Amino acid sequence: RPINFWNDSTSQEHHLIKAVLDQGDLELFGMTSGHEAENPTEGHRAWIEYALQKNPDITIFIATPCIDFPANWNQLAADNGFDSVQELYEYFIDEIVHHNIVDELRAEFPSTNIFTIPTGWAAINLNQMHQDSLLLDDIDFMGPKPSSLFTDQKGHQGQIVIETGTLVWLNSIYHVDLSENNYETGFNTNLHDIAQQIMDHHDSNYKQ
C-alpha cells in the first residue's frame, strides 16, 4: 500500500522510489489502491506531492487489485449485502477507489491526470468463465502457476490471470488495440478479448 511505502522511510524500497522520482522528467507513476479506511488518500497524497516536486507534468495511475482469498468470495459478497463478487467489486471500484480516493485526489491536484487500471477484473472474469466451463484451456481453480487461476489461498495469480492483467495494462497505459495485437499469451482462451471487454466496461471518466 502507498502509505506503507511512505511510512517505512528507512527501507530500501522507500529510498529507491524517491531516488527515481528525484531524477525528474518521469511521465508515469503508479500505485495500488491499498489504503487505510479512516484516511484512504493519505499515502497516495504523500507520494503525489513528492513526485510533483521534480515531475510537474507526471501522470498518476492507481491499479485496483483483486479481492483476496478467492475461495471465500461468495461468502464475502453475501456478508456485505451483495448477490455476487461482481457486485461487490463494482462497489469497491466505484465507491471506494473512484469516489473516496481518485475524486478526492483530483480535487487536491486539479492539474494532474489521475486514472485507474481495473486489473482485478481479470481474476474475477476468468474465475466466472472457469465456473461456467467456458475456458478453452485445462485450468484448475488453485494449484501450479502455469495451469491454475490461483496458486494459493491468498489469491496469488496463476499465469492465465497474469497474462490477462498484462493486456489490461497494455490497453490502459499505451492504448494498444487488443483486437489487432498479436502477442502470444500461451493460452487457447482469447485473453485479448477478455481484457478488451474489461477496458470497454471501465468507466471512461477514469481512463487515461
Side-chain angles (χ1 to χ4, degrees), residues 1-69 76-77 80-82 85-124 154-157 162 165-166 168-175 195 198-199 201-208:
R1 301 182 306 176
I3 188 59
N4 295 82
F5 279 115
W6 182 260
N7 287 338
D8 195 6
S9 59
T10 62
S11 69
Q12 180 180 353
E13 291 82 2
H14 177 97
H15 290 288
L16 176 60
I17 296 169
K18 282 188 172 179
V20 174
L21 291 171
D22 288 343
Q23 295 174 15
D25 297 324
L26 292 184
E27 298 180 10
L28 192 67
F29 180 59
M31 295 173 272
T32 72
S33 58
H35 61 277
E36 295 283 0
E38 60 271 16
N39 193 348
T41 61
E42 181 182 13
H44 302 88
R45 181 192 305 110
W47 282 114
I48 293 172
E49 287 177 343
Y50 191 91
L52 289 173
Q53 294 177 28
K54 296 288 183 67
N55 309 273
D57 299 319
I58 200 166
T59 292
I60 305 295
F61 75 79
I62 297 175
T64 56
C66 198
I67 301 170
D68 287 342
F69 303 104
L76 181 64
N80 285 274
F82 296 96
V85 67
Q86 287 86 351
E87 288 186 8
L88 173 62
Y89 197 62
E90 286 272 11
Y91 174 84
F92 169 69
I93 291 180
D94 293 342
E95 294 300 322
I96 306 301
V97 179
H98 288 168
H99 180 66
N100 291 345
I101 297 178
V102 176
D103 289 352
E104 291 295 324
L105 292 172
R106 284 176 171 177
E108 293 185 52
F109 305 99
S111 299
T112 301
N113 178 18
I114 304 174
F115 70 99
T116 59
I117 303 179
T119 317
W121 278 117
I124 292 175
K154 181 73 161 57
H156 288 100
Q157 300 173 351
I162 292 172
T166 298
V168 170
W169 282 58
L170 194 63
N171 178 272
S172 179
I173 295 175
Y174 300 106
H175 307 294
I198 290 171
M199 288 308 301
H201 179 73
H202 192 47
D203 190 335
S204 60
N205 292 320
Y206 298 91
K207 292 182 179 181
Q208 183 178 197

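Note that the coordinates shown come from a computational prediction; the quantities given were computed from them, not determined experimentally. We count residues from 1, following the sequence as given.
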Got a sec, which residues hit side chain to side chain contact (heavy atoms under 4.5 Å, CB included) with Val85, two or more places apart in sequence or on another chain?
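Val85 satisfies side chain to side chain contact (heavy atoms under 4.5 Å, CB included) with Ile67, Trp73, Ile124 only.
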
Look only at the side chain of His35 and the backbone of Ser33, and say whether a donor-acceptor pair between them is shorter than 3.5 Å.
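Indeed, once roles are kept as given, a pair shorter than 3.5 Å links the two residues.
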
Does the side chain of Ile48 reach to within under 4.5 Å of the side chain of Met31, using non-hydrogen atoms?
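Result yes, sub-4.5 Å side-chain heavy-atom pair found.
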
So do Leu28 and Ile58 actually touch side chain to side chain, heavy atoms under 4.5 Å?
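A side-chain contact is absent here, since even the closest heavy-atom pair is not under 4.5 Å.
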
Would you confirm whether Asn55, through its side chain, and Ala51, through its main-chain N or O, come within 3.5 Å as a donor-acceptor pair?
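Checking the backbone N and O of Ala51 against the side chain of Asn55, a donor-acceptor pair under 3.5 Å is found.
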
Tell me every residue that passes side-chain hydrogen bond (donor to acceptor under 3.5 Å, both in side chains) with His15, counting only those two or more places apart in sequence or in another chain.
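If we apply the side-chain hydrogen bond (donor to acceptor under 3.5 Å, both in side chains) test to His15, skipping adjacent residues, there are no hits.
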
Could you pull out all residues at least two apart from Phe61 that satisfy ring-ring contact (aromatic ring centres under 6.0 Å, His included)?
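For Phe61 the ring-ring contact (aromatic ring centres under 6.0 Å, His included) partners, ignoring immediate neighbours, are Phe115, Trp169.
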
What pairs of donor and acceptor atoms, side-chain ones from residues 95-107 against any protein atom, are under 3.5 angstrom apart with sequence neighbours left out?
unit_1, atom_1, unit_2, atom_2, d
His98, NE2, Thr116, OG1, 2.9
Asn100, ND2, Glu95, O, 3.4
Asp103, OD1, Tyr206, OH, 2.7
Asp103, OD2, Tyr206, OH, 3.3
Arg106, NE, Ile114, O, 3.2
Arg106, NH1, Asn205, O, 3.1
Arg106, NH2, Ile114, O, 2.7
Arg106, NH2, Asn205, O, 2.9

List in chain and number order the residues that pass side chain to side chain contact (heavy atoms under 4.5 Å, CB included) with Ala195, two or more places apart in sequence or in another chain; answer none if no residue qualifies.
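Only Thr164, Leu167, Val168, Leu178 meet the side chain to side chain contact (heavy atoms under 4.5 Å, CB included) criterion with Ala195.
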
Glu108 side chain to His44 side chain, donor-acceptor N/O pair below 3.5 angstrom
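Side-chain D/A pair, Glu108 to His44: absent.
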
Pairing residues for Asp68 by the salt bridge (Lys or Arg N to Asp or Glu O under 4.0 Å) criterion, not counting sequence neighbours:
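Partners of Asp68 under the salt bridge (Lys or Arg N to Asp or Glu O under 4.0 Å) test: Lys154.
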
Just verifying a value: how many Å separate Ile3 CD1 and Asp8 CG, rounded to the nearest 0.5 Å?
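Rounded to the nearest 0.5 Å, the CD1-CG separation comes to 11.0 Å.
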
Validation row: Trp121, Glu90 side chains within 4.5 angstrom (heavy atoms)
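Side chain of Trp121 against side chain of Glu90, heavy atoms only: contact under 4.5 Å found.
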
Name all residues meeting the side chain to side chain contact (heavy atoms under 4.5 Å, CB included) criterion together with Glu13; count only those two or more places apart in sequence or in a different chain, and write none if there are none.
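With sequence neighbours excluded, Glu13 shows a side chain to side chain contact (heavy atoms under 4.5 Å, CB included) to Phe5, Ser11, given in chain and number order.
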
Rounded to the nearest 0.5 Å, how far does CG of Asn113 lie from CD1 of Ile60?
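If I round to the nearest 0.5 Å, the distance is 9.0 Å.
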
Any salt bridge (Lys or Arg N to Asp or Glu O under 4.0 Å) pairs touching residues 112-124, not counting sequence neighbours?
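As it turns out, there is no salt bridge (Lys or Arg N to Asp or Glu O under 4.0 Å) pair with a partner in residues 112-124 once direct neighbours are skipped.
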
Taking salt bridge (Lys or Arg N to Asp or Glu O under 4.0 Å) as the test, write out the residues that go with Glu49, two or more places apart.
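Counting only residues at least two positions away or on another chain, Glu49 forms no salt bridge (Lys or Arg N to Asp or Glu O under 4.0 Å).
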
Check: Cys66 and Thr119 side chains under 4.5 Å, non-hydrogen atoms
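Heavy-atom side-chain distance check fails, nothing below 4.5 Å.
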
Tell me, please, which residues at least two apart from Phe82 pass ring-ring contact (aromatic ring centres under 6.0 Å, His included).
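ring-ring contact (aromatic ring centres under 6.0 Å, His included) list for Phe82, sorted by chain: Tyr91.
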
Residues which pass side-chain hydrogen bond (donor to acceptor under 3.5 Å, both in side chains) with Glu87, listed by chain and number, not counting sequence neighbours:
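side-chain hydrogen bond (donor to acceptor under 3.5 Å, both in side chains) list for Glu87, sorted by chain: empty.
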
For the atom pair OG1 (Thr59) and CD1 (Ile173), what is the distance rounded to the nearest 0.5 Å?
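The distance works out to 10.5 Å.
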
Specify whether Phe29 and Trp47 have parallel, tilted or perpendicular ring planes, treating 30° as the upper limit for parallel and 60° as the lower limit for perpendicular.
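Taking Trp47 first and then Phe29, their aromatic rings sit tilted (interplane angle of 30° to 60°).
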
Would you check if Lys54 and Gln23 make a side-chain contact, meaning some heavy-atom pair closer than 4.5 Å?
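Answer no - side chains too far apart.
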
With rounding to the nearest 0.5 angstrom, report the CD to OG distance, Gln208 to Ser172.
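Interatomic distance, Gln208 CD to Ser172 OG, rounded to 0.5 Å: 6.5 Å.
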
Which pairs pass salt bridge (Lys or Arg N to Asp or Glu O under 4.0 Å) with one or both residues in residues 16-37, sequence neighbours excluded?
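Passing the test, one end in residues 16-37: Arg1-Glu36.
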
How many angstroms lie between CD1 in Ile62 and CD1 in Ile93, if you round to the nearest 0.5 Å?
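The distance works out to 12.0 Å.
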
Are Pro2 and Arg45 close enough that some pair of their side-chain heavy atoms sits under 4.5 Å apart?
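Pro2 does not reach Arg45 side chain to side chain.
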
